[in-house]
Amino acid sequence: MILFFKKRTLAFLGTGIFLLCLSFGTFNVALHPNMNKWKQEKLVITMVKTSQKAVALTFDDGPDPEKTPAVMDSLKKYNALATFFVVGNRAEKQPQILENMAEQGHEIANHSYSHSYSEFSSNKPEIFKEEIDKTAAIIEKITTQKPVLFRPPGGYLSDNLVNLIKNEQLTIAYWTWQQDSKDWKVGNSGTTIANHIIKNIQPGQIILLHDGANNGLETAKAVDILLDKLTHEGYQFVTMSQLIKLGNKE
Ligand SMILES: [Zn+2]
């Protein structure tokens, strides 16, 4: 009987920790045993150490013909720069949006060609290479920017992927755990998303947002709210590569 209770208690605790990890968005990340090593070698970046009040807003899964321009309008209003992790097969359909991003000083980064989890979980270096190179070529052709950051779909990581990234002299752009805004979740309002970010803000953070998710214009609304509040607090919004450079200087 005692054993039975102990087992149940353990199972209960285990489930609790799992749910807690999920709610902090750390589950995938904490799982990979090499994560700390990769962070130390700066192959994977989750945050930058800087004394300056600077952060990087990052937007995944676009470009989207409606949501991306809405986000860009909000950024422009506050002279804020950001990094867009574009999906290759969407980028090639929206060259004008990419051109505008580059023109406005934003960084355009690589988020794979297909955004297919099954492609990535196959863990085949030749598939990773094709996904990354094809998207890099699309970005470079449209914007003349050569992307230096790659963010794997769903945060997928493996030794094969990290080795390839190292060979291609790229960096895996992760995000700061506390700044997984969950803006993609349908029903999360712009105010809720912005408040989460404002509450957790610290210099050097990489903030995870989506301009290509299915939650309407809530992300653009959140950007408007958080930029208004945080620019008044003295925060600067720079591209992720600029933020990394700030960290290297200190
Ligand atoms: Zn994505």
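Note that the structure is a prediction, hence the values are computed from the model and not measured. Every number for a ligand or one of its atoms is a count from 1 in the order of the listing.
Among residue pairs with one or both ends in residues 77-111, those qualifying as ring-ring contact (aromatic ring centres under 6.0 Å, His included) are F59-F84, F84-H106, H111-H115; sequence neighbours excluded.
Each of M101, Q96, E103 was checked for a side chain to side chain contact (heavy atoms under 4.5 Å, CB included) with E99, and the lone residue meeting it is Q96.
Residues L243 and I45 are not in side-chain contact: their nearest non-hydrogen atoms beyond the backbone lie 4.5 Å or more apart. By the 4.5 Å heavy-atom criterion applied to side chains, I172 and L161 are counted as neighbours. Contact check for T219 versus D211: no side-chain heavy atoms found under the 4.5 Å cut-off. Side-chain contact between Q104 and L75 is absent, with no heavy-atom pair separated by less than 4.5 Å.
Here the Zn ion (ligand 1) has protein N, O or S atoms under 2.8 Å from it, and they come to 3.
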